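Since the structure comes first, as structure tokens, the remarks are kept for the end.
Note that this is a predicted model, so its numbers are computed, not measured. These values consider heavy atoms only, across backbone and side chains, with no hydrogens, waters or symmetry-generated copies. Chain letters run A, B, ... following the sequence lines, proteins first and then strands; every chain starts at 1.
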Number of protein chains: 2
Amino acid sequence: MRERGIAFCLIPTADPHLSEYLPARWRVREWLSGFTGSAGTLLVGAEFAGLWTDSRYFEQAQRELGDSGIALMKLSVPHTPEHLQWLREHVRNGERVACAADMLSLSASRALRRVLDERGAELTGDDLPCAIWSDRPGLPAAQIFEHPIEYALRSRAEKSTGVRELMREHGATHHLVSALDEIAWLSNLRGSDVEYNPVFLAHLLVDAHGATLFVDGRKLSAGLVSCLREDGLQIRDYPEIVEALALLPSDSKLLLDPQHVCLQIAQVIPRHIQIIEAPGPIAALKACKTETELMHVREAMRRDGVALVRAARWLEESLARGERLTELDVDAKLRELRSQQPGFISESFSTIAGYQANAALPHYHATAESHAELQSRGMLLIDSGGQYLGGTTDITRVWALGDTTPEQRRDVTLVLKGVIALSRAKFPRGASGQQLDALARAPIWASGVDYGHGTGHGVGYCLNVHEGPQAIRPPRSSSHLEALDVGMITSIEPGIYKAGRHGVRIENLVATSIAEATEFGDFLGFETLTLCPIDTRLLDRDLLDDAEIKWLDAYHARVREQLAPLLEDEADRAWLDARCVAFVPG
Amino acid sequence: MRERGIAFCLIPTADPHLSEYLPARWRVREWLSGFTGSAGTLLVGAEFAGLWTDSRYFEQAQRELGDSGIALMKLSVPHTPEHLQWLREHVRNGERVACAADMLSLSASRALRRVLDERGAELTGDDLPCAIWSDRPGLPAAQIFEHPIEYALRSRAEKSTGVRELMREHGATHHLVSALDEIAWLSNLRGSDVEYNPVFLAHLLVDAHGATLFVDGRKLSAGLVSCLREDGLQIRDYPEIVEALALLPSDSKLLLDPQHVCLQIAQVIPRHIQIIEAPGPIAALKACKTETELMHVREAMRRDGVALVRAARWLEESLARGERLTELDVDAKLRELRSQQPGFISESFSTIAGYQANAALPHYHATAESHAELQSRGMLLIDSGGQYLGGTTDITRVWALGDTTPEQRRDVTLVLKGVIALSRAKFPRGASGQQLDALARAPIWASGVDYGHGTGHGVGYCLNVHEGPQAIRPPRSSSHLEALDVGMITSIEPGIYKAGRHGVRIENLVATSIAEATEFGDFLGFETLTLCPIDTRLLDRDLLDDAEIKWLDAYHARVREQLAPLLEDEADRAWLDARCVAFVPG
């Protein structure tokens, strides 16, 4: 920094596609700071280094930063650029701030530039960490495979036609797509360049007649390449997007989403090209699953449910037999059982198996160095999911391993009340997840408790376990709201976390559907997709009203009906019957 | 317009203080278009004239615009400047658009200018309607009176000190205040320059040592003037604010709220003065009522409740005696009974008394030309309120006048469920009204019904019946959210409107208070302030659960306990007892 006259170096958590999960090559913040969490921004100055992250990671970051001298800067609101406020107060006139141009979205670069402009400072795209990271990993090179049409359902041509229609509405002749899940969706291709998300590094440039996929050709078989070509998808090498943009016809109108295109790519677009900035049309098309896609998702949920039931029974019986098990064993067993299911590709994220107080960390992850041994008492929280050819799953359950405290049962019941309230909600078309968030919180708030994360996120179809545009979370000032549209898959996952004691979260995936059309318009509701018993041994029946018990009994009846035929082992069926028994009060 | 080379003339609904209720002098839009609603924007061009208003007024505007040739432009989202979108599409390069500079807030003028800049058009502050409105009313001249300190409670000096502290936090040396309720609050003065809001036309300039009130001196008695001077409040004539701003010391840092200062005033501020734009500190101080203010409000509610009970009994008995009554008689009787209450100043808004289908218009107002005669069947909705020295009231009830339909009773019950759900809510400190809005709607949505207005608004203390900064309404993209803070008074008023059939709204005012402090922080709740029975003859008990009936019975017990001692007439007490009887199911 001294050599190059740089006052501050900013290292976000990002890759050139603004992905949530990063290829090793872009885990720069982790390499520099030692902090391994999924979200964080590192800022290094001559006399100061700080890491901004949110409450999920305060404890872990403190531990991992250790005596590095990097200060932990606690975000008061998750996912907000509070480091800019710090920079505004500390950067001085004439100073230069460096940030790798391939790790900054176009919109983030503008926010940063505004702050620097205000203080008379300057932004440079210098990639300083790269210059000193001698053994920086290369680009990932995993093979790309086709998402079979019996699961993808809509052909590339059909999807492209839909995208072109929306491009025309924007008056665009070209559309630059950098978001990896959008590219995977349109191309009906999948990869494994990052863990858990079946995507591959690429850019996509759609024009009025065809599209070009910029991707490392070695990842594609010759057969696949010719098949793509037949479908109007040209293949060029990954870095050639730069050249393609530079040579765009001068009358092009280029649609791009400034949140999902990085500064490095954006700045090669010639100045005379008219740019139309808007959320990409693919995000909206991808979010609303078709009825046939939902059919496959329901089947994937049954397969996932079978693995979950078998894992839960294995856990219960192993502990009863006195076997010594740790959180890691649960993680491994679940992986093994899921991988036996037809259509399984991989886990959809790193399993959280947290015993007792460990579950009070919403993003706990057991490691070889640090994990708990399970006892025949208390609760185990398991948050896990799978990628299937016909859908993506994400489920959280808490299981009683033996005796539990009244406080634990009370908290599980309150969380379930939140799940039920939102699952049963009916709401007018156009309502956003931000508008509905409080319905899940109200029963929890009533006991003077709250949780620090959102209530739900969008979920892909054999794609990223987190996807937009919708989200169920508290509204924030100046935030953009997205309506919960028909066909969207969203999680409902309230929780209660009591540090040092226990953590509870119950998570189902739901699909938005039309519930009713009245003189007041369409009203939408949720269909619960996830199929797995909710442990009634952890419920305080006095806290549930009749309507809630009715919902729970109906859910368990459906879980049993859907899963029992797929369970070959008599003992598995018996276990399911016992866990799905009607929860009659009194 | 032709003479002056103006392509479009914009006439908002506003005065130089951006008030909700306008002095006659600024009812320009009404004078020009004939439309008398409270909200609307008129745009006049050579070949087009249009009036933008929201769904509350569609029917009324259609009728009042008649064959004027002015098109009714229906707002899809209330209170949004959708006319700017129209202007963006129709104004041409080089054209000039006129709007009176005293009817445009500084922020609205910027939004307008941005649109015109985009199209190469120009904004001029020409007041065209004024130039042709020969008998335009003069400035209002009503006397100003002191809000007695036993009700105002905090002295001018004490309030000024609080304001100065917040000015210092902003780094401001001066604060320009144009919002009339803010000026009335700080000065402990009240007026009657407009209907219903006890305010007077003035500007206020606060500096580090004192403050200057710019007001027509004839409205003040000599005694009051010297009293104000003693308290550090100088008096200058209303128009002299222009000169005072022009002569501000050059190192002044002037705090102002661009939403509440008009362009005409803002543009006289010399360019070298540093302007700090922020929501004014008075709005926040004024919104949070002190415990002593709330004591007075509770007393005002008892007085208001007495008038309401006597009016409801009169109505019931008059109809039983076979008297012919109209909606206007109810309005007059209520005014008469309220005016007999100690501390009563005026109504706080124009009473809405809507019989049967008339109540389906949320802002219905009976007039001499158009009103309904009451029958001994169906429902009457009454939304009314009073200004008292010790508080402002605003209440809506629906009363059974005889037989009602199952659909009517069902709708009343659903609305009550909404009121109860929100009234019982407990929520973490920091939650906004936007976050809670769905709690009142969920029971109504569950039946496939919604209402097109917000659920609640802030209410002043012997001041405007609508005040900010908080509001309970659906969140919108890019909107600013305000937390519901301790001491705020807000209405809870869900409704159901079925055109041509009936309308239901139940409205209580509530104060935010601390409900509980837990390891998760402070949790807030609502204290219901309004005291008047809810007509249980209109309830479908099968739709209410035990907790809701318990809330209702407890509310009625409190209403009876609070009001009975103030009812001198035995028959009034008997009526109250009958209407407050416990609503035991079965």
Side-chain angles (χ1 to χ4, degrees), chain A residues 76-77 411 421-422 424-452 455 469 472-483 496-501 514-525 545-548, chain B residues 76-77 411 421-422 424-452 455 469 472-483 496-501 514-525 545-548:
Chain A
S76 55
V77 181
D411 287 346
L422 192 49
R424 293 176 61 212
K426 206 153 80 178
F427 48 89
R429 190 189 277 271
S432 66
Q434 285 86 344
Q435 197 171 350
L436 303 187
D437 178 82
L439 299 181
R441 286 179 204 267
I444 295 169
W445 284 346
S447 290
V449 183
D450 195 13
Y451 50 96
T455 299
I472 303 177
R473 57 170 176 74
R476 293 183 202 135
S477 284
S478 311
S479 69
H480 180 76
L481 311 182
E482 283 285 346
I496 293 182
Y497 309 94
K498 293 188 166 165
R501 278 129 77 201
I514 294 190
E516 190 183 4
T518 75
E519 61 179 307
F520 293 89
D522 284 348
F523 281 75
L524 309 183
D545 65 29
D546 292 351
E548 289 164 336
Chain B
S76 55
V77 181
D411 287 346
L422 192 49
R424 294 175 62 211
K426 205 153 81 177
F427 48 90
R429 191 189 276 272
S432 66
Q434 284 87 343
Q435 198 171 349
L436 303 187
D437 178 83
L439 300 182
R441 286 179 204 266
I444 295 170
W445 286 345
S447 291
V449 183
D450 195 13
Y451 49 97
T455 300
I472 303 177
R473 56 171 177 75
R476 293 183 202 137
S477 284
S478 312
S479 69
H480 180 76
L481 310 182
E482 282 285 346
I496 293 182
Y497 308 94
K498 294 187 166 166
R501 277 130 76 201
I514 294 190
E516 190 183 6
T518 75
E519 60 179 306
F520 293 89
D522 284 347
F523 281 76
L524 310 183
D545 65 29
D546 293 351
E548 288 164 334

Q) Can you name the closest pair of heavy atoms from A/Ser477 and B/His480 and give their distance? A) OG-ND1, 3.4 Å
Q: Can you see which heavy atom on B/Phe523 is nearest to which on A/Val449, and at what distance?
A: CZ-N, 3.5 Å
(Q) For the interface with chain A, which of B/Ala517, B/Gly521, B/Ser479 has the highest count of heavy-atom pairs at distances below 4.5 Å? (A) B/Ser479
Q.
Please classify the contact between B/Glu482 and chain A as side chain, backbone, both or neither, with a heavy-atom cut-off of under 4.5 Å.
A. neither
Q: Return the option, out of B/Ala438, B/Pro428, B/Ala499, with the maximum number of heavy-atom pairs under 4.5 Å with chain A.
A: B/Pro428
Q) Between B/Glu519 and A/Lys498, is any pair of side-chain heavy atoms under 4.5 Å apart? A) yes
**Q.** Side-chain heavy-atom pair A/Leu436, B/Trp445 within 4.5 angstrom cut-off
**A.** yes
Q) What part of B/Asp450 is in contact with chain A, defined as an atom under 4.5 angstrom from a non-hydrogen atom: side chain, backbone, both or neither? A) both
Q) Among A/Leu481, A/Thr518, A/Ile444, who wins on heavy-atom pairs under 4.5 Å with chain B? A) A/Leu481
Q | Nearest non-hydrogen partners of B/Leu439 and A/Ala442, listed with the distance | A | CD2-CB, 3.8 Å
Q. With a 4.5 angstrom heavy-atom cut-off, which part of B/Ala446 approaches chain A: side chain, backbone, both or neither?
A. backbone
Q | Option in A/Arg424, A/Gln434, A/Lys426 with maximal non-hydrogen atom pairs under 4.5 Å from chain B | A | A/Lys426
Q. Non-hydrogen atoms of chain A under 4.5 Å away: do they reach the side chain of B/Arg476, the backbone, both or neither?
A. backbone
(Q) Counting only non-hydrogen atoms closer than 4.5 Å, does B/Glu516 touch chain A with its backbone (N, CA, C, O), its side chain (CB onward), both, or neither? (A) side chain
